[in-house]
S.K.: 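Starting off with a structure, shown below.
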Amino acid sequence: MRGKHKMVILYCLMRYQPVRFNQMKRYLERVSDKTLSQNLRELEADGLVARNEYPQIPPKVEYSLTKRGESLMEVLKLLCLWGEENRD
């Protein structure tokens, strides 16, 4: 898994899921639409993120973690704890 925004995307989904694209964009602040879309597609292809599209006008798409993505969150939580404990 490559991409500097992917862990932040996963964390956002863990905390706020389900999340719409624009909500995630606001959470990430400085990421472009193209980069966010590409990262979400890659995370979906890796089986970590589920994309749910609702047939309505305007179109509504929500992202959430899959079971596989949720299992990765334990590791991410430990990394966050380690970072907080080792902050200089």
S.K.: Got a second to check how far Glu70's CD is from Ser64's OG, nearest 0.5 Å?
M.R.: 8.0 Å
S.K.: Is any NZ, NE, NH1 or NH2 atom of the basic residue among Glu53 and Lys60 found under 4.0 Å from an Asp or Glu carboxylate oxygen of the other?
M.R.: no
S.K.: Just verifying a value: how many Å separate Cys80 SG and Tyr11 OH, rounded to the nearest 0.5 Å?
M.R.: 6.0 Å
S.K.: Compare all side-chain heavy atoms of Val31 with those of Met24 and state whether any distance is below 4.5 angstrom.
M.R.: no
S.K.: I'd like to check the side chain to side chain contact (heavy atoms under 4.5 Å, CB included) partners of Asn86; sequence neighbours left out, ordered by chain and number.
M.R.: Trp82
S.K.: Would you indicate whether the side-chain heavy atoms of Leu13 and Leu48 approach each other to under 4.5 Å?
M.R.: no
S.K.: Scan residues 22-31 for pairs that pass side chain to side chain donor-acceptor pair (under 3.5 Å), counting only residues two or more places apart or in two chains.
M.R.: Lys25-Asp33
S.K.: Side chain to side chain contact (heavy atoms under 4.5 Å, CB included), that's the test. Do Ile9 and Leu36 meet it? Break it down for me.
M.R.: CA-CA 9 Å; Ile9 291 169; Leu36 180 55; 3.6 Å; yes
S.K.: In chain order, what residues pass the side chain to side chain contact (heavy atoms under 4.5 Å, CB included) check against Glu85, with sequence neighbours excluded?
M.R.: none
S.K.: How many angstroms lie between CG in Leu76 and OG in Ser71, if you round to the nearest 0.5 Å?
M.R.: 11.5 Å
S.K.: What residues form a side chain to side chain contact (heavy atoms under 4.5 Å, CB included) with Glu74, not counting sequence neighbours?
M.R.: Lys77
S.K.: Could you walk me through whether Val19 and Glu62 pass the side chain to side chain contact (heavy atoms under 4.5 Å, CB included) test, one step at a time?
M.R.: CA-CA 5 Å; Val19 179; Glu62 291 180 337; over 6 Å; no
S.K.: What is the distance from atom CG of Leu72 to atom NZ of Lys67, rounded to the nearest 0.5 Å?
M.R.: 15.0 Å
S.K.: By side chain to side chain contact (heavy atoms under 4.5 Å, CB included), which residues pair with Thr66, not counting sequence neighbours?
M.R.: Ala50, Arg68
S.K.: I need the full list of ring pair (Phe, Tyr, Trp, His ring centres under 6.0 Å) pairs touching residues 47-70, with sequence neighbours left out, sorted by first then second residue.
M.R.: none
S.K.: The test is side chain to side chain contact (heavy atoms under 4.5 Å, CB included); show your working for Val8 and Leu28 and say whether it passes.
M.R.: CA-CA 8 Å; Val8 179; Leu28 294 170; 3.0 Å; yes
S.K.: Would Leu78 end up clustered with Leu10 when hydrophobic side chains under 4.5 Å apart are linked, directly or stepwise?
M.R.: no
S.K.: Between Met73 and Leu65, is any pair of side-chain heavy atoms under 4.5 Å apart?
M.R.: yes
S.K.: Nearest 0.5 Å, please: how far is CG in Asp46 from CZ in Arg41?
M.R.: 13.0 Å
S.K.: Rounded to the nearest 0.5 Å, what separation is found between the CE atom of Met7 and the CG atom of Leu43?
M.R.: 8.5 Å
S.K.: Where is the tightest heavy-atom contact between Arg20 and Pro59, given as atom of each residue plus distance?
M.R.: NH2-O, 3.8 Å
